[in-house]
Amino acid sequence: MYTATARSCSNIAFIKYWGNRNDTLRLPANGSISMNLSGLETVTTVRFSEELTSDTLSLNGQSQTGEALRRASRHLDHIRHLAGVNLHAEVVSHNNFPTGAGIASSASAFAALTVASCAALGLDLAERELSALARLGSGSACRSVPGGYVEWYSGEDHASSYAETIAPPDHWELLDLVTIVSGEHKAIGSTSGHSLASTSPLQTARVEDTPRRLKQCRDAILRRDFELLAEVIEQDALMMHAVMMTSHPPLLYWLPATLQLIQLIRRWRADGIPACFTIDAGPNVHVITLPPHHEQLEQLLRQVDGVQTVLTASPGGPACLVSNPAE
Ligand code: PMV
């Protein structure tokens, strides 16, 4: 009673979300498409109890205070409000990917927190309602609720801004070789970054062109067309970074190794290796490839100056409840 555990994958956006129309509701400036990452997961247990005098949050065994705890509490408030309960919660969360690897965990964290908290309070919600709720914690978290290849519809209001599966995980076995060039925490996180997007004169053009990129990406996934996918996801990532670099103040996330990887990946693709890149709000490069080329590509990546490590993820399933957390 009042306790549940959920597991959720992180996700990598092929068409990026950058900028909000409404910051409080996290209604995005544009729709986005992503793949869940089965290798990079969060498992979260939530326990609501009358005995607790405040919310608590433990992340990878470390008790959290400050903004991390406040953000989790604000998210729990939405769910408490929906369930009509007023109990504090103890949240215990673990990521299976190395902390400090520079991998954002907010998507998997808020998807797992949403699914576990709703189950603990007996809220029986449809997947799209869970997705919309997760969005309130972190925009990209709404894409970690459904499984596989996922599209987030920007929507008109809270209920219509949710994500759903466009193809299941086994539709196409793309791999994401997450190439870590820095494990440092971002100076400017995505929540503040989104509010700078509209200060770039390029954001309007990027948003206006999004339906075209969404269609190309959707088509590429449905047809399993790697070349078409490579072309659109690289363009999309570069457009987002062009917006970041031209906002006030500018956000420059790249390191020399980031640019070196971009150039090498484009050269390897011209030489016949299916490889393309995308980059989130940080310097690390997500290299998308197909299984037969995985080992060769990983070896090439590890030889590049500045590369610290390479993590591999395949298409992941939906956020789900874990019946026996001890396993
Ligand atoms: O969900 P947030 O606020 O962490 O924003 C995610 C922003 C990007 O990772 C850069 C792009 C995306 O669509 O995931």
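Numbering of ligands and ligand atoms starts at 1, following listing order.
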Can you list the ligand 1 atoms lying under 4.0 Å from a non-hydrogen atom of [X]?
X: Ser190; result: 2 (P), 3 (O), 4 (O), 5 (O)
X: Ala13; result: 12 (C), 13 (O), 14 (O)
X: Ser140; result: 1 (O), 2 (P), 4 (O), 14 (O)
X: Gly139; result: 1 (O)
X: Ser106; result: 4 (O)
X: Met240; result: 10 (C)
X: Ala281; result: 10 (C)
X: Arg143; result: 12 (C), 13 (O), 14 (O)

Aromatic plane relationship, His194 with Trp18 - under 30° parallel, 30 to 60° tilted, over 60° perpendicular: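 Ring orientation of Trp18 relative to His194: tilted.
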
Ligand 1 to [X] polar contact by distance, N or O atoms, under 3.5 Å:
X: Lys16; value: no
X: Arg26; value: no
X: Ser32; value: no
X: Thr191; value: no

Nearest atoms (heavy-atom pairs only) where Leu52 meets Arg47: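 For Leu52 and Arg47, the tightest heavy-atom pair comes out as CD1-O, 3.7 Å.
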
Charged N-O contact under 4.0 Å between Glu156 and Arg21: no

Sidechain N-carboxylate O distance under 4.0 Å for Asp77, Arg80: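 Between Arg80 and Asp77 there is a salt bridge, with a charged N closer than 4.0 Å to a carboxylate O.
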
Spacing of Arg128 atom CZ and Tyr153 atom OH [to the nearest 0.5 Å]: 8.5 Å

Donor-acceptor under 3.5 Å (Thr199 side chain, Ser247 main chain):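 Here the side-chain-to-backbone pair does not exist.
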
Expected output: side-chain Arg135 to main-chain Leu25 donor-acceptor under 3.5 Å: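 Checked: pair present.
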
Pairwise salt bridge (Lys or Arg N to Asp or Glu O under 4.0 Å) hits with a residue in residues 208-222, at least two apart: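 Qualifying pairs, neighbours excluded: Glu151-Arg218, Asp209-Arg212, Asp209-Arg213, Arg213-Asp236, Lys215-Asp219, Asp219-Arg223.
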
